[in-house]
Each structure stands twice: as structure tokens, then as C-alpha cells.
Amino acid sequence: MRRLNPFSNIPTMMTAEEIIEFAHNKSVRISMKSSLRLKRLERSRIREITRLQEFTKNVKTKLKGIVEGFPSLDRLHPFYLELTEILIGTDKLKQALGAVHNSIPPIDDITNKHLEALRLAEDFHQMKRTRRAAKGRISSILRATANNIDFIIEAKKTMAKLPGIVPNSPTIVCAGFPNVGKSTLVKAVSTAEPEIAYYPFTTKSVIVGHLTVEDNRVQIVDTPGILDRPMSKRNEIEREAIAALKYLAHVIIFMIDPSEACGWTLDEQINLYNEVRRMFVLNPILVVFNKVDITPPEQLEEAKKRMPEAHEMVAIEGVGVHEIMEQAIEAVDLTSMEESVKEFLSEISQRDFHSIDD
Ligand SMILES: Nc1nc2c(ncn2[C@@H]2O[C@H](COP(=O)(O)OP(=O)(O)OP(=O)(O)O)[C@@H](O)[C@H]2O)c(=O)[nH]1
Ligand SMILES: [Mg+2]
């Protein structure tokens, strides 16, 4: 669910130039209600003061929106935090958020000084110059932090593409070579319309399905382009992004196509299984033989000998699907999940973690 991704709820952020333009437009459009009994000079004074106040107010609102609208890194689910670290760099992100946050007090300073000057100004031109000078200096502060704002906007865009997850609801992750039937299974079991999400390093969209098994609300994640080829074919960053799945997967369904119609031999598939097994030490893994309808009996026998623990399924017909789902729920081992989350948290407490307000 996209909206369950904490990064997809962030309101739209403006770049430095957009903020300047937005605040400027707001400030010149503001309507004055000063009394006609006032002298022209006093009316001008009120107008210039109001315009500057309006400009500053809008700049600050937008800057605060950037900082406060961003999910608090200290409260992120480890899955997202780990990916933030890999894809963005948490330190760089905190620095950028901190810099934007710190640009607010100088803006207040400039505004106050120039408001004071406006109150004392003796002629119309001086007022106009003062107001313009203030807006110019505030714009300079914004421009000086423009790269930080751009960095935050990019970070948001990257993170918003990730799949949304329901933090405490059991999550099944489907793995296996391409064409073994992962999507078929996800579609077969999803009651609600599956949602499309993205995962780093694959251009393919990830499908997140939702279902209810024995009163448990369960989400099932298809992983095209992720857990579907040997790790040796991946770079370090990809491997780390894949490893972040351990915080998400309460249980992994590893699908094998013993008919080999998928284009991969049984050996290749078992090798990939062993790799996934090594990578997700704490996550329970269920092995499923799919496409048993088209697997020649002797081939199925051979596969069963190699992996006696495997369950059998015909995903396109829904045969064996319910049983697998029940098994998956049973295998959901919240203890090991908690352990890996704890391990993660103790690891990051050694990294330097301060909230940006520190
Ligand atoms: N005979 C048979 N065909 C199946 C079964 N399950 C899936 N298929 C077929 O296998 C092909 C691949 O299925 P998908 O569900 O797209 O496989 P996938 O694992 O999602 O593949 P990628 O998205 O490329 O990783 C499709 O043509 C399915 O119709 C099954 O149980 N029996
Ligand atoms: Mg698929």
C-alpha cells in the first residue's frame, strides 16, 4: 500500500526558487485594509510591513513543511531506515534537514531588523528599498541552502517509490527465479486489489497483495527482479537493499518450478534457494513446488527426494494454495522477527543518531 509508505505522505515540497516565487506572489497579492484616514506615508508603511511579514511567513511555512513533513528517522521501521541508509545516506539526509532547519532563525533575524527599519523609515522610497533588501537577503539564505532542499526532495522521491507496508501485519515475501509463478500466486490469494510498488534496483514493479487468513490480515509481496537471481550477479548496494527485506519478511515462500518450464534447471533453482537461505538466516522459509500439474512424475519424484520438505501447488488453478497460506501464517515467527529488529536497533544505536533538533 503506497500510502503506508511513510515517505509517500509527505506534502509536495518546493525548491528554493519555487519558494521565493511563491512567497513573493503571496506578498504582492496581499490586500490592505488600512484606513483611508491614514496619511499616504503611513499607508505605505503598513503595506511594506505587511508584505515583508507575508513573504517571511510563507518562506518559513514552506521550510518548516520540508523539515517537519519528513518522516522522523528515529521512528522509521527498520526496513525503511535501512533502505534510507543505503539509498540516501542517513547522515547526509540529517545534515540536509538540519541545514534547512537552521536557515529559519537567520530569516527571522533579517525580518525583524528590517521591520524595525520600516517602522522608522521616513519616506516611501526608503521603505521600498528596505523591504526589497530584506526579501533579497532572505532569498540569498534560501539559495544558499538550495542544494539541501534539492537533496531532500530527491530523497523523498526515491523513498516514496518503495512498497508500503503495514508494520505489524504478517508479511509473506515470494521468492524464486523468473517465471516460476510468483505473480500467479500473489494474484490468486489477494482479496483486495493488489498494489503496485517499486523496489530499488529493479525496473519491474513489485506487487503487494492483501488477504485475510484465519482472521489475520496478511500482506504478500511479489519480488520480480529482487530475489530472482544469484547474489554473485549483484553489486554490494543491491545486496544490502535485498538484505533489508529481512525486516519485512515474516516468512518467505520460495517457489521452485520442478517442471523446469520456467527456463531454469532444478539445480539452479536449488542453488538460489540455498543462497536465499543463507541470506535470511532468521526468517522462516517455506519451499513450494509449483506447476506440479505439468511436471512429469519422475521429475517430481526426483525433486521431492532433493527437497522432502517442499509443499506442492498448482498456482494457476489455486490447488494447494490455501494450505500454503495456512502454513505460512503458522510459520510467521514474530520472535525471530523481533530479534532481527532488536539486533538492528542495537547496531544503529552505535551509529550516531540524533534527531535533527538536537
Ligand atoms: N502449468 C502451470 N503454469 C503455471 C502455474 N503457475 C504459473 N504458471 C504459468 O507460469 C508463467 C509464469 O508465471 P508468473 O506468475 O508470471 O511467474 P513469476 O514468477 O511471477 O515471473 P516473473 O514475474 O518474471 O518473476 C505464466 O504463464 C503462468 O500462467 C502452474 O501452477 N501451472
Ligand atoms: Mg511476476
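For the single chain, residues carry numbers from 1 onward in sequence order. Order of appearance sets the numbers: ligands from 1, and atoms from 1 within every ligand.
- Considering only non-hydrogen protein atoms, atom 29 (O) of ligand 1 sits nearest to Ile316 CG2, 3.6 Å.
- Of the protein's non-hydrogen atoms, the one nearest atom 8 (N) of ligand 1 is Lys291 CE, 3.8 Å.
- Using a 4.0 Å threshold on non-hydrogen atoms, atom 26 (C) of ligand 1 does not count as touching the protein.
- Counting heavy atoms closer than 4.0 Å to ligand 1, residue Val314 contributes atoms from both its backbone and its side chain.
- Rounding to the nearest 0.5 Å gives a distance of 6.0 Å between CE of Met307 and CZ of Phe289.
- Aromatic pair Tyr80/Tyr247: centroids not less than 6.0 angstrom apart.
- In this structure, Met127 and Ala121 approach most closely via the heavy-atom pair CG-CB, 3.7 Å.
- Residue Asn290 has at least one nitrogen or oxygen atom sitting less than 3.5 Å from a nitrogen or oxygen atom of ligand 1, judged on distance alone.
- What sits closest to atom 17 (O) of ligand 1 on the protein, heavy atoms only, is Gly181 N, 3.1 Å.
- Nearest protein neighbour of atom 18 (P) of ligand 1, counting heavy atoms only, is Lys182 N, 3.4 Å.
- Considering backbone and side-chain atoms together, Ala315 places an N or O closer than 3.5 Å to an N or O of ligand 1.
- Against a heavy-atom cut-off of under 4.0 Å, Ser183 is close to the following atoms of ligand 1: 15 (O), 18 (P), 20 (O), 23 (O).
- Judged by distance alone, the side chains of Gln53 and Thr56 never bring a donor and an acceptor atom under 3.5 Å apart.
- Counting backbone and side-chain atoms alike, Thr184 contributes no N/O/S atom closer than 2.8 Å to the Mg ion (ligand 2).
- Protein heavy atoms are found inside the 4.0 Å sphere centred on atom 13 (O) of ligand 1.
- Figure legend: Lys246 and Phe280 shown without cation-pi pairing, the cationic atom not lying both under 6.0 angstrom from the six-membered ring centre and within 45 degrees of its axis.
- Considering CZ of Arg47 and OG of Ser27, their distance stands at 11.5 Å, rounded to 0.5 Å.
- Looking at Val180 next to ligand 1, an N or O pair under 3.5 Å apart turns up.
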* **Residues Gln219, Thr171; criterion side-chain hydrogen bond (donor to acceptor under 3.5 Å, both in side chains); working and verdict** => CA-CA 5 Å; Gln219 50 199 344; Thr171 305; 2.8 Å; yes

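- Side-chain contact of Asn58 with Glu54: a donor-acceptor pair under 3.5 Å is present, judged by distance alone.
- Of the heavy atoms in Asp293, only side-chain atoms (C-beta onward) come closer than 4.0 Å to ligand 1.
- Crowding of Arg234 atom CZ: a count of heavy atoms from other residues, nucleotides or ligands under 6.0 Å exceeding 12.
- Once rounded to the nearest 0.5 Å, the distance linking NZ of Lys62 with CE of Met14 reads 4.0 Å.
- Contact annotation for Asn179 and ligand 1: heavy atoms of both the backbone and the side chain come within less than 4.0 Å of the ligand.
- Any N or O atom pair closer than 3.5 Å counts here, and Thr184 shares at least one such pair with ligand 1.
- Each of the atoms 1 (N) of ligand 1 lies under 4.0 Å from some heavy atom of Ile294.
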